[in-house]
S.K.: 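Input: one structure, supplied below.
Sequence lines set the chain letters: A, B, ... in the order given, protein chains first and strands last, and positions in each chain run from 1.
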Number of protein chains: 2
Amino acid sequence: MVDSATETQAEALTPRQLAVLDAVLGLMVEKGDQLTMAAVARRASCSKETLYKWFGDRDGLLTATVQWQASKVRAGNYDRQKLDALSLRDSLISFAANWLQVISSPTSIALNRLAISHAATHESNLGGIVLANGRFAIGERLRPLLEDGRATGLLDFDDAETAFRTFFGLVGRDVQIRLLLGDALKLSVTEIERDAARAADQFLALHGRAKPAPKA
Amino acid sequence: MVDSATETQAEALTPRQLAVLDAVLGLMVEKGDQLTMAAVARRASCSKETLYKWFGDRDGLLTATVQWQASKVRAGNYDRQKLDALSLRDSLISFAANWLQVISSPTSIALNRLAISHAATHESNLGGIVLANGRFAIGERLRPLLEDGRATGLLDFDDAETAFRTFFGLVGRDVQIRLLLGDALKLSVTEIERDAARAADQFLALHGRAKPAPKA
DNA sequence: CGGGAACAGTACCGTACGTTACGGTTCCGT
DNA sequence: ACGGAACCGTAACGTACGGTACTGTTCCCG
């Protein structure tokens, strides 16, 4: 169930249809909950009938939107390079900063709110899609780095999944839940950089073998 | 804004009214989103008119429910005892286990989903109340322990808030977001105990001075 | 015993929204 | 030029739900 929906039919869609999905994203961010089919049609300058023809029903439209957004956030991939203590730390920081950037973006907040609301009742698995393209996708992308780090003797851990979850916690902390609940938490670029470095150093303090810079 | 709403008029309510709020909690957990006033009235065997008389409107009912639930989860207080490395670790584990228990409970999940949905549009600050009684309340309750730990020389950190956020991340990791998004994550009591101990030991590895048991 | 407050049950109203239907317009292929 | 498909704009329908009003019953208090 991890990434079954990651790449599925993301692009059997025409540019016009993708423009509609961008309109949905825009509305989600601006209007939050008032994501009505009429509003989407108005914003996208298309008719409701077209929306239903293209996406079936409201859930279909939302699902396509989530997948479209997910396909746009494919950053932070780890290209297997020569790994030393410094490049490992850099890669960790890069992952952390990217993740913080994503979860603090208005689009991600709106999308997660929608998926969480949906998870409360509906069965159409928006939450699963968001999880697959968010939490689990980044887990899969980070795993090779962790494994390489262990293979090179730079890292020490038993289970890569557990190690990743520790990293995930050190990076995200209370940021996502606070933002989702409407806290006016602001993350500047410099704060993201600093927090990312702190998280990476803490992770290395816990799982690193040649401690690079364990300053608090 | 931290806990302005923590203790406000939690108990100007009759037992009958609290029973209504319990009905709301039950419906939230079972039916998720279908939290309609009619359903509440049916479940609580009261009339809608009574609901409106008692709680004003739907938001008032939800707000009262959130505060009622918050008043029930007052566990995990730290009683200032003599502090040594072992009792510090025990207290940390206790905090962590309690927090994991809370965020993985169906009631908390339903409540947070509701507050997050609400945060998307409405201004009536359900999200703020949940934050004040959840994330920030536990932060305030843990702070004395951290400060005492630092005063006794058992802990080392610059900023108590930052240290707490690290602890928060190590404990919660990806648990809450996965549960909110509908992931079928199960946390048994033994897993909670193990994860709580792991988080406490990791925290001590990062901020402790007399390392008690830094085993992975 | 009588009267009134409190409340259950229910009918009712207005509105918002998902979904469908339809007339009009554009555009493409033949 | 013609026919049809695609699509826009909008009206219309059905339903769900928040909120209000009304009726009848229970129960307390004098």
Side-chain angles (χ1 to χ4, degrees), chain A residues 11-66 110 113-115 117-126, chain B residues 11-66 110 113-115 117-126:
Chain A
E11 318 318 334
L13 298 179
T14 69
R16 179 79 176 93
Q17 290 169 327
L18 296 182
V20 170
L21 299 187
D22 278 329
V24 176
L25 287 174
L27 271 179
M28 263 178 34
V29 171
E30 293 168 25
K31 302 293 181 172
D33 197 331
Q34 280 124 13
L35 197 57
T36 162
M37 298 298 279
V40 171
R42 222 177 306 122
R43 171 76 153 247
S45 293
C46 71
S47 73
K48 291 207 277 178
E49 189 175 22
T50 303
L51 291 182
Y52 284 99
K53 178 186 290 185
W54 283 348
F55 304 102
D57 58 1
R58 188 170 188 270
D59 272 4
L61 177 63
L62 297 183
T63 302
T65 303
V66 170
R113 279 179 178 158
L114 185 75
S117 313
H118 230 69
T121 32
H122 297 58
E123 61 304 326
S124 76
N125 206 3
L126 273 192
Chain B
E11 320 317 334
L13 298 179
T14 70
R16 180 79 175 94
Q17 289 169 327
L18 295 183
V20 170
L21 299 186
D22 279 329
V24 176
L25 286 174
L27 271 179
M28 262 178 33
V29 171
E30 293 167 25
K31 303 292 181 172
D33 197 333
Q34 279 123 15
L35 197 57
T36 162
M37 298 297 280
V40 171
R42 222 177 306 123
R43 170 76 152 249
S45 293
C46 72
S47 69
K48 289 209 289 177
E49 189 175 22
T50 303
L51 291 182
Y52 284 101
K53 177 186 293 183
W54 284 348
F55 304 103
D57 58 0
R58 188 170 188 269
D59 272 3
L61 177 63
L62 297 183
T63 302
T65 304
V66 169
R113 279 177 178 160
L114 184 75
S117 313
H118 230 68
T121 32
H122 297 59
E123 61 305 326
S124 76
N125 207 2
L126 273 193

S.K.: Between P on C:dT19 and NZ on A:K53, what's the gap in Å once rounded to a whole number?
M.R.: 17 Å
S.K.: For B:L51 versus B:C46, what's the shortest heavy-atom pair and its separation?
M.R.: CD2-SG, 3.6 Å
S.K.: Would you please name every residue forming a side chain to side chain donor-acceptor pair (under 3.5 Å) with B:R43, sequence neighbours left out?
M.R.: B:E30
S.K.: Please name the pair of heavy atoms, one in A:S117 and one in B:S117, separated by the smallest distance, quoted to 0.1 Å.
M.R.: OG-OG, 3.0 Å
S.K.: Encode nucleotides 8-14 of chain D as B, S and - characters from 5' to 3', where the letter depends on protein heavy atoms closer than 4.0 Å: B to the base, S only to sugar-phosphate, - to neither.
M.R.: BB-BB--
S.K.: Whole Å only: how far is the CZ atom of A:F55 from the P atom of D:dC7?
M.R.: 11 Å
S.K.: Mind checking the CZ-CD spacing from A:F55 to A:Q17? Nearest 0.5 Å is all I need.
M.R.: 5.0 Å
S.K.: Which whole-number value in Å describes the distance from B:L27 CG to D:dC17 P?
M.R.: 12 Å
S.K.: Rounded to whole Å, please give me the gap between OH in B:Y52 and P in C:dA8.
M.R.: 15 Å
S.K.: Please report the distance, rounded to the nearest Å, between CG in B:L61 and P in D:dG19.
M.R.: 10 Å
S.K.: State whether A:T36 places a side-chain N or O below 4.0 Å from either non-bridging phosphate oxygen (OP1 or OP2) of C:dA16.
M.R.: no
S.K.: Which heavy-atom pair separates B:R58 from B:L35 by the least distance, and what is that distance?
M.R.: NH2-O, 3.0 Å
S.K.: Can you tell me which nucleotide in D:dG19, C:dT19, D:dG18 comes closest to the side chain of A:M37?
M.R.: C:dT19
S.K.: Nearest whole Å is fine: how far is C:dG18 C1' from A:H118 NE2?
M.R.: 13 Å
S.K.: If you round to the nearest 0.5 Å, how far is CG of A:L27 from OG1 of A:T36?
M.R.: 9.5 Å
